[in-house]
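In what follows, a single structure is set out as structure tokens and then discussed.
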Amino acid sequence: MTKTILVGGQFGDEGKGKIISHLALADKYEIIARGGVGPNAGHEVWYNGKRYPLRMLSCGFVHEKARILIGAGVAVNPEVFLKEIEMTGTQKRAGVDKRATVITKEHLERDASKTPDKIGSTKTGCGPAIMDRAGRVATVAQDSKELKPFLCDVAEEVNRAKSVLVEGSQGFMLSVLYGGYPYVTSKDTSASTIAADVGLGPKSIDEVIMVIKAYTTRVGGGSLKDEVSKEVAEPKGMQEYGTVTGRPRRTSLSLHYDDLKFAAMVNSATQIAMTKLDVRFPGNAGVKKFSDLTKEAQAFVNDAEKKIGVPITLIGTGKDALDIIDRRK
Ligand code: IMP
Ligand code: MG
């Protein structure tokens, strides 16, 4: 029974939702909790042929016995939260830490009018809510009428549980501390902060799974090594669009190994999950065994593993939660 933190190793949109849903179903975690910034995240999960775009709830909801929690460190938009509870039918098993920061209409307005345009913010009010928390003028969840039925103590629950999976949001390269400041989100996004977001201390963590995509994308401002145009990305199936804002994502064909090594170090990654290998190497869709991958795809994974220095234990080969190679056993 383990306590696992899942983090993004790039600029978000690594496919964390897909990996979370697989882990939730395969390992049957007791609790699946969201850490990270807030509803600026867009996590997508396909389950039983249906698409669930989620911004507040964890994609781990697909494991129907799990308690689905949101930690104290996450900024919560009650309207988005309640809508997702409805969408996923999780009324009886969802909870929000009583200490979480509440995002208000005023935060949304301030994000739209004051956050510098060059950042390319999702304008979901996360930054201003976190500023107000630091300024000690924010509303916390326990003072919100709408959140009342869902209030709980996530820190107590995750520390008592035997198995906990924590879903981080954004990616390490968007961390306000370690990313390319100021082109970053409003909080640190490394594994230690994600753990603290739900109330887990460093010694209680067994595994840190860092999710990376087989190529690199970024949405919003800031540098992107080896960026290619839409005309190059589109025919390769690598032109993506944001889940939250619908904005076209920027694409780079390479993996940025120096940055990934640094990310693995700061996050103390024990495993790597690599997604969209089937997009990078056509002919591998739906493959479930490593030896069934094309030679080229196998060589790419082996090379990445060597360069980053962390075992690649999970490999995504399609959008469904079941399209995965799980090399952990
Ligand atoms: P904000 O956190 O919404 O203010 O956005 C700051 C920067 O982080 C912008 O470049 C956003 O595009 C990016 N960002 C924030 N959240 C996500 C995410 O979940 N996925 C990808 N990019 C994100
Ligand atoms: Mg996303």
Side-chain angles (χ1 to χ4, degrees), residues 6-21 34-46 51-60 70 73-77 80 84 101 103 107-134 167-190 193-194 197 210-213 215-224 227 238-252 263 273 275-276 316 319:
L6 188 130
V7 293
Q10 293 159 317
F11 299 96
D13 309 312
E14 297 93 354
K16 292 183 288 294
K18 184 231 165 63
I19 301 296
I20 284 278
S21 56
R34 246 296 298 271
V37 185
N40 50 353
H43 289 176
E44 184 181 277
V45 58
W46 285 83
R51 173 178 176 262
Y52 296 89
L54 298 173
R55 295 167 52 194
M56 293 274 24
L57 286 191
S58 171
C59 296
I70 297 180
V74 181
V76 177
N77 179 327
V80 177
E84 292 183 5
T101 305
I103 297 177
H107 292 140
L108 293 166
E109 285 160 19
R110 219 193 305 159
D111 219 357
S113 62
K114 297 247 169 73
T115 306
D117 281 341
K118 65 174 183 183
I119 309 296
S121 170
T122 60
K123 300 187 172 152
T124 46
C126 297
I130 289 165
M131 280 187 233
D132 279 359
R133 182 66 181 240
E167 173 174 341
S169 70
Q170 285 72 41
F172 180 67
M173 295 175 194
L174 288 176
S175 161
V176 75
L177 301 180
Y178 297 104
Y181 185 84
Y183 300 96
V184 292
T185 189
S186 48
K187 228 177 98 177
D188 175 43
T189 52
S190 72
T193 294
I194 302 294
D197 285 341
M210 185 169 94
V211 185
I212 64 174
K213 190 154 59 184
Y215 50 96
T216 311
T217 60
R218 175 166 203 174
V219 58
S223 76
L224 182 63
E227 183 169 359
M238 293 180 187
Q239 181 56 53
E240 303 177 359
Y241 295 85
T243 319
V244 177
T245 57
R247 293 181 293 180
R249 291 180 187 149
R250 300 157 59 199
T251 312
S252 158
T275 63
K276 299 211 174 179
K319 64 185 179 182

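These numbers were taken from a predicted model, which means no experiment stands behind them. Counting starts at 1 for both ligands and their atoms, following the listed order. Side-chain atoms are counted along with the backbone in the values below, which use heavy atoms only and exclude waters and symmetry mates.
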Between ligand 1 and the protein, give all atom pairs where both partners are nitrogen or oxygen and the distance is under 3.5 Å, as lines of names plus distance to 0.1 Å.
residue, atom, partner, partner atom, Å
ligand 1, 2 (O), N40, ND2, 2.9
ligand 1, 2 (O), T185, OG1, 2.6
ligand 1, 3 (O), S121, OG, 3.2
ligand 1, 3 (O), T122, N, 2.9
ligand 1, 3 (O), T122, OG1, 2.5
ligand 1, 4 (O), S121, OG, 2.7
ligand 1, 10 (O), I119, O, 3.0
ligand 1, 10 (O), V219, O, 3.2
ligand 1, 12 (O), G120, O, 3.4
ligand 1, 12 (O), V219, O, 2.9
ligand 1, 12 (O), R247, NH2, 3.0
ligand 1, 16 (N), Q170, NE2, 3.0
ligand 1, 19 (O), Q170, NE2, 3.3
ligand 1, 20 (N), D13, OD2, 3.4

R249 backbone acceptor or donor facing Q239 side chain under 3.5 Å: yes
Check: K187 main-chain N/O paired with T185 side-chain donor or acceptor under 3.5 Å: no
N40-T124 side chain donor-acceptor pair, cut-off 3.5 Å: no
Heavy-atom side-chain contact between P182 and K118 under 4.5 Å: yes
Atoms of the protein (N/O/S only) found under 2.8 Å from the Mg ion (ligand 2): D13 OD1, G42 O
Heavy-atom donor-acceptor pair, S21 side chain to G17 backbone, under 3.5 Å: yes
Residues R250, E240; criterion salt bridge (Lys or Arg N to Asp or Glu O under 4.0 Å); working and verdict: CA-CA 8 Å; R250 300 157 59 199; E240 303 177 359; over 6 Å; no
Salt bridge flag under 4.0 Å for residues R110 and D132: yes
Between S252 and E227, a side-chain donor and acceptor under 3.5 Å: no
Rounded distance (nearest 0.5 Å) linking atom CZ of R55 with atom OG1 of T243: 10.0 Å
